[in-house]
Amino acid sequence: MRLSRDKVLNALVAVLAGVVTLGGLVPYAAIIASTVVRGAKAIASVGIIRFLTSLPPAPGSGELGGAGPSLLGTVLLTVLSTLAGVPLAFCLALLITEFPENPVSRALRALVKGLLELPTIVAGMVVYTLVVVPMGTPSILAGSLALAIVMLPYVTTHFETYLSSVPRLYREAGYAIGLSKAGVALRVAAPIVRKGLLVGVLVGVSRALGETAPLLFTLGSARYYYPTSVLGPGDSASLLIYNFAMMPYPNLREVAWGAALTILASYLIISLIVQLCVRGVEA
Amino acid sequence: MRHAVRVESLRVRLGGREVLKGVNLEVPEGSVTVVLGPSGVGKSTLLRTINRLLDLVPGARVEGRVEVLGLDAYAVDPYWLRRRVGMVFQIPNPFPHLSIYDNVAIAAKVCGVARSKRELRRIVEWALRKAMLWEEVKDRLRDPPLSLSGGQQQRLCLARALAMKPKILLLDEPTANIDVSNASLIEEALKRLVREEGMTVVLVTHMPQQALRVGDYVAVMYDGRIVEYGRVTEVASRPHHPFTKKLFSGAAS
Ligand SMILES: Nc1ncnc2c1ncn2[C@@H]1O[C@H](COP(=O)(O)OP(=O)(O)OP(=O)(O)O)[C@@H](O)[C@H]1O
Ligand SMILES: [Mg+2]
């Protein structure tokens, strides 16, 4: 009697949880489905290569086109901001985990936690004031810096989590053979959690791929020509979507859907790699 | 007689609690000194003051004097000190990201005892032989250490410590977590290291039988103090302190 009541209760909970989960997933499924359907249509109508490389069509021309400059911009922004943000995040995470008692590293930890809460547009504002105004022009470099600021706390927090998860007994083994603090961090702790650190890098890359607000006043909007220098204006896929999606021209909205699908596909690839890594970390 | 380690009126506080309450100990060169005592009396803490691993414990306060190889341990560079003193821990802790070979090689490299690749290979083989592991791993040196059994891992850790060519070897209950046959291999390895290489061994254990098997001298710890010290045979046959009496009456039966 009692057993069967438990069974019923279990089944009930399972069904309820299933229904709630599915219900919650509906909007996401709708977003993904419409992005895939519309984006695939936009990309297919010009061909993948042309979509990735050609310029957007003139507004209202009725022609189709690609998002070449913006996608190249996203690639450059992602690479540059990762190059700037990840090493700094790694150093910060090392400081915080290896000198947990030090007042400086305590302050840095608090700062990093604070930066997590920072509205990302503030990063754009700061870079606008400190870089764009002195340089006299928005630029890919400035946009990358803004993105680096945005990704820094996330990547640092991930690095910190993984580095501090290294069991003490391995650190002690490192110190016992005479390794310095830096030696233990770089030759013992970091390599033990290298896959976790890669996850941290990919978290940063994902941020850089999708962020829009920090680029609003730092990047410019050079989406009809290819950038010639990272010191000049550029564009990103996210900014292109932001601009084209609200346009009254269907041919531009098509391009926006195509760009959205491209970003979505990149996310999918990254999240696959992360899944593989996380499995490796736990093994 | 020369002493590899001398500890004088050593007091250690951990987290506000006095863990060592005035320890005096002399470790004669070229012998096995066993530190024997029940759980929580401060055996590990004592060992960790000798190579200053205790420096890593936040809030640890050390008073008194520790001499290692005739030098004030708390006046020299701790990293320099640790390269001259090998240590094996209670839980086998080979570096999981390095191969069997590299686990041993890294210690030799850090301590700068090998000047060429060939010399490094020689030292790694020597260390693995001395740790009585060579025959089991010589065909799988590139494998990860976690592919070894726990007892083999512990012998790998011994080899890693030996690759530094240390004069002093500290072992913190090295056989507490491994099976009997692996334990006796380690005990045999320690005896040979002292006999053949003239090493000085400080072995922490809570097993009086182990003290009888490998020890030359024994220091019995109780409640943060060394309550009895002497040649193992003498202490075992004529114990004074009640705790030592209880310990060895159990071991004899
Ligand atoms: N970081 C610390 N902070 C506070 N107290 C500690 C700390 N580390 C150890 N202690 C305490 O110090 C005492 C001695 O610890 P220690 O590890 O030296 O004992 P032990 O003799 O090695 O015991 P065991 O045989 O269980 O390994 C214990 O009571 C322990 O609780
Ligand atoms: Mg202990």
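Letters go in sequence order (proteins before strands), and every chain restarts at 1. Keep in mind that this is a model prediction, so the values were computed, not measured.
In this structure the side chain of A:Tyr175 reaches within 4.5 angstrom of the side chain of B:Leu56, judged on heavy atoms.
For the atom pair NE2 (B:His97) and OH (A:Tyr170), the distance works out to 10.5 Å, reported to the nearest 0.5 Å. Between atom CG of residue B:Asn51 and atom CD1 of residue A:Ile177 there is a gap of 12.5 Å, rounded to the nearest 0.5 Å. Between the CG atom in B:Asn93 and the CZ atom in A:Arg171 there is a gap of 13.0 Å [rounded to 0.5 Å].
The number of heavy atoms from other shown groups lying within 6.0 Å of CZ (B:Arg61) does not exceed 12. A 6.0 Å sphere centred on CD of B:Glu63 holds no more than 12 heavy atoms belonging to other residues, nucleotides or ligands. Annotation: B:Lys191, atom NZ; neighbour count of heavy atoms from other residues, nucleotides and ligands within 6.0 Å is above 12. Heavy atoms of other residues, nucleotides or ligands lying less than 6.0 angstrom from CD1 of A:Ile48 number 12 at most. Taking a 6.0 Å sphere around CG of B:Leu146, one finds it holds more than 12 heavy atoms contributed by other residues, nucleotides or ligands. Shown here is A:Arg168, whose CZ atom has no more than 12 heavy atoms of other residues, nucleotides or ligands within 6.0 Å.
With a threshold of 4.5 angstrom between heavy atoms, A:Glu172 approaches chain B through its backbone and through its side chain. In this structure, chain A has a heavy atom under 4.5 Å from the side chain of B:Arg48, while its backbone stays farther away.
Of the listed residues (B:Pro94, B:Gly86, B:Cys157, B:Cys111), the greatest number of heavy-atom pairs within a distance under 4.5 Å of chain A belongs to B:Pro94. Heavy-atom pairs under 4.5 Å with chain A peak, among B:Ile106, B:Val85, B:Ile91, at B:Ile106.
Across A:Leu169 and B:Pro92, no two heavy atoms sit closer than the pair CD1-O, 4.2 Å. Residue B:Met164 comes nearest to A:Ala176 through the heavy atom pair CE-O, 3.8 Å, listed as atom of the first residue, atom of the second, then distance. Annotation for A:Ala173 and B:Phe89: closest pair CA-CE1, 4.0 Å, computed over non-hydrogen atoms.
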